[in-house]
Amino acid sequence: MAKDTPQTFYLKDYTPFGFDVESVHLTFRLTPETTRVLSKIRFAPKPDAADKTFFLHGEDLQLISAKIDGETVTPELIEGGLKCDVPSAPFTWEAEVEINPAGNTALEGLYMSNRMYCTQCEAEGFRKITYYPDRPDVMSTFTVRIEGDEPVMLSNGNPAGAGEGWAEWHDPWPKPAYLFALVAGDLVNHPGSFTTKSGKEVELNIWVRPGDEGKCAFGMEALKKSMKWDEDVYGLEYDLELFNIVAVDDFNMGAMENKGLNIFNSSCVLASPETSTDANFERIEAIIAHEYFHNWTGNRITCRDWFQLCLKEGLTVFRDAQFTADMRSEPVKRIDDVITLRARQFPEDNGPLAHPPRPEQFQEINNFYTATVYEKGAEVIGMLKRLVGDENYYKALKLYFERHDGQACTIEDWLKVFEDATGRDLQQFKLWYSQAGTPRVKVSEDYAGGTYTLTFEQSTPPTPGQPDKAPRVIPMAVGLLSPNGDEVRATEVLELTEAKQSFTFEGLASKPVPSILREFSAPVILERETTNAERAFLLAHDTDPFNRWEAGNALAKETRVAMVLDGAAPDAAYLDALEKLVRDDDQDPAFRALVLSPPSQSDIAQTLHERGYTPDPQKIYDAAETFTQTLAQQLETSLPRLYAATTVEGLYSPDAESAGKRALNGRILSLLTRLDGGDQAARQYAAADNMTQQYAALAALLKAEKGEVQSRAFFDQWQDDRLVMDKWFALQIACAAPEKTAATAKALTQHALFDMKNPNRFRAVFGALAGNHAGFHHASGEGYQLLADNLIALDKLNPQTTARMCAAFQTWKRYDAGRQSLIRAQLSRIAGTEGLSRDTNEMVTRILDA
Ligand code: PHE
Ligand code: ZN
């Protein structure tokens with residue numbers, strides 16, 4: 001295949017593999033540069049197969065020998081794999097290949113991280129380990145023998161024997177190759193155990209490099225909580241004698257749910273009060289839960305093909321969100337998730353990379369591990385649950401596990417289970433899986449003679465390849481408040497199914513104030529003419545905490561927009577409302593911290609764009625600065641008292657309540673720093689005995705350009721801790737003023753500890769650059785150029801991480817002609833790079849085609 005015509009894969013072309021795989025035996029002879037992999041696989045031709053071709057995937061493999069039923073064969077080596085003539089009866093395939101883990105910087109297949117061997121096979125990495133039908137609908141049991149001189153050698157399933165220089169593993173559960181894992185190295189374990197509800201004892205381990213043992217206790221507790229929660233809420237029990245988690249430093253993603261042997265980016269499992277922030281603790285708990293929950297939603301029931309990725313990911317994200325809501329605060333979790341959805345999924349869904357939760361085509365599947373597949377995939381399940389009700393939801397899930405255990409399934413299977421369990425027709429609902437784009441819902445109201453009418457009009461803008469959209473089923477949770485603040489109608493879920501639809505409420509003594517899209521019941525953009533007075537009323541009175549926050553968020557946005565467009569002063573009523581809330585000790589501190597957190601600058605840019613304006617990043621930045629300064633002044637007299645009242649004393653604990661207090665305390669410190677020149681922040685920095693407070697103080701100081709001393713002290717203290725150093729790299733860039741952002745990032749790429757090959761470090765620098773809205777989009781274009789230079793360099797080493805980071809450019813069409821041409825030039829430069837990876841090529845082409 002020529003470079004300029006990359007192959008595209010289509011959902012409609014699905015055909016089953018022509019053979020069953022009855023068993024897989026693998027032997028690994030580990031050496032860093034010349035590992036040998038011997039495979040012995042039992043194949044059985046399917047009598048009724050439409051396609052009888054014996055094709056095995058394989059990439060970057062050196063074939064040493066191949067045999068069928070003991071006889072040497074000479075397969076035809078072709079692009080992406082091999083073909084071979086095979087018997088028409090069951091046969092044994094044997095192959096020996098050589099691979100180079102030490103030279104594998106793509107971090108896919110078998111690679112080395114810090115002298116440790118580890119694997120990453122999802123989605124299509126197993127083909128870099130040996131020749132195999134590397135597709136999720138081919139499932140088999142695996143027996144693995146590892147030969148090498150590493151002290152610890154692990155694979156999936158249960159241990160099946162070990163001796164000097166070897167270890168064997170057997171996984172009794174048939175699985176697709178993407179769930180295969182192997183780890184070998186000098187590792188130590190933090191042990192634990194769990195007794196399942198039917199009384200089976202499970203051995204648990206978190207494996208880390210020597211020195212990290214002290215950072216495993218929190219993860220272990222999170223794992224046990226997850227195991228218990230899945231039994232209590234979904235009735236799902238663990239199914240092996242052993243559950244291992246391994247922390248690795250070089251990893252493209254967050255973590256991976258390999259059967260019985262989860263592999264984690266060390267940033268997503270290692271935690272200690274001194275080195276991790278509250279946000280880190282919460283994220284670690286959620287990711288451990290996520291990977292554990294995959295054991296049923298992903299592993300026991302897997303995906304037929306990669307187009308169905310959201311079948312496992314949307315459901316597992318939904319489940320981990322339920323878990324976090326149960327462990328912590330339900331409204332706070334919901335607000336956090338909507339903030340992330342709007343920050344990550346909405347730009348994707350409303351730009352050149354828009355795709356449905358179940359895409360119908362791809363060139364490189366790694367490019368579809370997106371916010372749409374994960375987060376919107378979870379939102380779709382949340383809507384389904386709201387439409388059928390809790391009882392029906394769990395009834396359908398029970399049927400799903402009964403009917404499909406051990407299978408590789410589709411979205412059709414998933415929806416059929418709901419139809420069968422509830423008798424509901426989900427034909428129209430299914431559009432959520434096939435249509436891209438965020439629906440806009442315009443709301444208008446009418447009140448006459450005691451009857452209140454809400455009219456909804458839905459439409460979805462065109463997205464790449466999908467010019468026209470049909471109306472979807474939208475669950476719209478609505479409550480009504482009377483003007484004195486009482487709730488006159490409790491939450492009701494209105495089901496929108498048509499392009500335009502009205503709902504009436506009778507017997508209302510006065511015109512109510514509606515609270516619409518409570519709990520963010522659907523991932524849509526609501527458009528409604530309303531006033532700041534009404535928003536302030538909802539911020540004070542709504543019984544739905546999400547919508548209370550939403551009202552405050554809308555006020556914040558309107559104020560910013562007016563400041564940017566008309567040079568207005570910050571809205572006085574809004575400042576008053578914030579002041580009242582921040583002093584209201586009856587309100588949850590975590591909630592107060594959220595209301596006090598400003599909408600992001602890229603969110604304001606997005607809002608301006610939606611309203612037909614061209615956002616000016618510098619003006620948005622200036623408005624944010626002015627607003628925060630004004631708020632600080634307004635609160636001036638109460639800030640020291642508030643700071644003292646929210647300071648959490650005593651032994652650090654990462655629980656939700658203390659974390660919420662610290663979050664509020666951090667917001668207050670950042671305001672205080674605007675007035676006191678950093679005195680309090682410097683005191684907090686000096687006294688801090690945990691990372692949350694140390695980090696908050698450093699951030700406040702860096703933002704005020706008063707943090708040089710502390711930044712150097714931070715470096716001296718933490719230079720040997722990779723994860724903390726990631727924070728140090730990122731924070732300097734995140735806090736830099738717009739005109740200094742690119743230069744700060746560039747200087748940090750020259751730092752001795754900058755390491756292109758470590759995805760965490762690369763993301764620390766360039767994620768922070770792209771996340772500093774006014775800095776990245778500074779009119780000089782230096783930010784664009786620096787990112788492009790480094791993406792081009794990284795692509796040669798690690799295409800997957802490069803391609804993901806290209807998304808920083810996805811919003812380019814929002815901006816003015818000058819910035820657009822600067823970005824276009826950089827995107828074209830990347831696209832024109834000799835030898836560009838398929839991953840990055842697909843991303844830049846899609847972004848440029850906007
Ligand atoms: N399946 C992993 C998860 O969702 C994510 C992942 C995808 C990790 C691809 C590595 C590679 O937890
Ligand atoms: Zn997942």
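Remember, it's 1-based here, ligands and their atoms both numbered in the order they're listed. The structure presented is a predicted model; accordingly, all values stated were derived computationally and were not measured.
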With no hydrogens and no angle check, do the side chains of H290 and E257 hold a donor and an acceptor under 3.5 Å apart? no
The Zn ion (ligand 2) has as its nearest N, O or S atom from H294 the atom NE2
Between Y178 and F126, does the ring-ring contact (aromatic ring centres under 6.0 Å, His included) criterion hold? Intermediate values first, please. CA-CA 6 Å; Y178 83 86; F126 191 75; over 10 Å; no
Across all chains, not counting sequence neighbours, the salt bridge (Lys or Arg N to Asp or Glu O under 4.0 Å) partners of R344 are E375
Expected contact list for ligand 1 at under 4.0 angstrom, heavy-atom basis, is Q120, E122, M253, A255, M256, E257, H290, E291, H294, K312, E313, Y369, Y374
*Whether E313 has an N, O or S atom under 2.8 Å from the Zn ion (ligand 2)*: yes
Problem set entry | Over 12 foreign heavy atoms within 6.0 Å of CZ, R403 | yes
Would you say the rings of W306 and F9 are close, in the sense that their centroids are separated by under 6.0 Å?
no
key: Aromatic ring proximity, centroids under 6.0 angstrom, Y111 and Y117   = no
message = Can you confirm whether more than 12 heavy atoms, excluding those of E330, are under 6.0 Å from its CD atom?
response = no
